[in-house]
Amino acid sequence: MAETVMRRRAVLRAIAGTGLGAVSVSASHPARAHTPGQMATRELSVPGSEYTLEVMTTEARTSGLTALVVGGVHGDEIAGYQAAESFVNWTPEAGKLVLLPRANPGAIADDSRSTDTGDLNRKFVPDDTPTTPLARTIWNFVQRIDPDALVSLHESRGIYGGEPSGVGQTVFCSPRKEGYDAARMAVRRANRLVSQPKLAFKSGTIGPPDDEPIGLLTEKATYDANIPSFIVETYWNNPLEKRIDWHQATVRGVLDYFDLID
Ligand SMILES: [Zn+2]
């Protein structure tokens, strides 16, 4: 495990020892008190929006790292948000799992990539304030929980390095050791479920902040907040069940690396 992760964990253990470890996300609505292993749900309100964001947190009895899984940044990438939601009834063996399964509820309601404010995954401008109320709400939330890993689940119309061309069947990671190592575990887990060689998962790197496309959530998390981040992309032209299984497997790989599961 990379030194930075170890350092973050040492700090976290020290905090847990003071009794402050149980303090969880402060949101616009206070969290329901919960005991370890039970899920707490809360809602984040988005200024000017009819939609709220639902956040679920499950904490293990054993202290550890915090992972945030985000789905539905693009509203027509169904397997991503359904996979994120599928972790709702799941308790990590250590640490804390935080889910934001439907990050863009308006786009999901329309089953479209974007809303009339544009593509949410272009609003997280590096070194600046996110450019829409929804993006600002999500970014404030990310900063508050300060996860040790962030995974954003997406789908693509093509295959990375394959035909048709796209970014599917790939786990993109922050360019640092724990990013590469965790992505490798995620790819390995997913590939246990892949039978066709052309659909084998690969890993890729989240580009520098000044490379197009600009304004990705995972890019801002990587470069502005130093959070090891991952984009999982499945190729949409496969049965939904399979795509969900692949997403779950990649998330489990990342959680395994960060010791939320064995
Ligand atoms: Zn997407």
Side-chain angles (χ1 to χ4, degrees), residues 46 51 53-54 67-87 99-126 130-132 134-135 137-139 141-142 149-162 164-174 179 183 186-187 190 199 201-207 209 211-223 227 229-240 242-251 253-254:
V46 181
Y51 296 104
L53 299 178
E54 201 167 45
L68 169 62
V69 178
V70 179
V73 166
H74 293 134
D76 57 350
E77 298 173 8
I78 300 169
Y81 62 80
Q82 291 202 3
E85 272 170 346
S86 74
F87 283 100
L99 306 173
L100 172 58
R102 292 175 176 244
N104 195 351
I108 291 172
D110 292 345
D111 192 28
S112 77
R113 179 180 175 88
S114 307
T115 60
D116 54 10
T117 58
D119 184 337
L120 174 59
N121 218 22
R122 302 293 180 269
K123 309 300 184 192
F124 299 94
V125 182
T131 52
T132 61
L134 176 58
T137 302
I138 292 170
W139 185 244
F141 166 69
V142 169
L150 186 160
V151 190
S152 185
L153 304 181
H154 290 259
E155 300 210 82
S156 174
R157 298 261 155 187
I159 300 171
Y160 191 53
S165 173
V167 290
Q169 306 304 97
T170 310
V171 178
F172 294 92
C173 65
S174 306
V187 164
L199 297 176
F201 277 79
K202 302 175 222 36
S203 52
T205 305
I206 295 171
D211 270 16
E212 292 285 348
I214 289 169
L216 279 65
L217 170 63
T218 43
E219 206 175 60
K220 191 167 181 67
T222 297
Y223 295 103
I227 298 167
S229 299
F230 305 86
I231 309 169
V232 179
E233 296 270 5
T234 49
Y235 173 41
W236 74 283
N237 195 14
N238 283 286
L240 178 61
K242 244 186 200 183
R243 285 142 54 203
I244 292 172
D245 285 349
W246 291 336
H247 275 291
Q248 290 171 337
T250 59
V251 169
V254 172

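Numbering of ligands and ligand atoms starts at 1, following listing order.
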**Asked** So which N/O/S atom does H154 have closest to the Zn ion (ligand 1)?
**Response** ND1
**Asked** Looking at R102 and E54, does any basic side-chain N land under 4.0 Å from a carboxylate oxygen?
**Response** no
**Message:** Under a 3.5 Å threshold, yes or no: a donor from one side chain and an acceptor from the other, between S156 and H154?
**Reply:** no
**Fill in**
The atom of H74 among N, O or S that is nearest the Zn ion (ligand 1) is ND1
**Prompt:** Are the side chain of T170 and the backbone N or O of G168 linked by a donor-acceptor pair below 3.5 Å?
**Reply:** yes
**Asked** Of all the atoms in E77, is at least one N, O or S atom closer to the Zn ion (ligand 1) than 2.8 Å?
**Response** yes
**Asked** Can you name the nearest heavy-atom pair linking I206 to T218, along with the distance?
**Response** CD1-CB, 3.8 Å
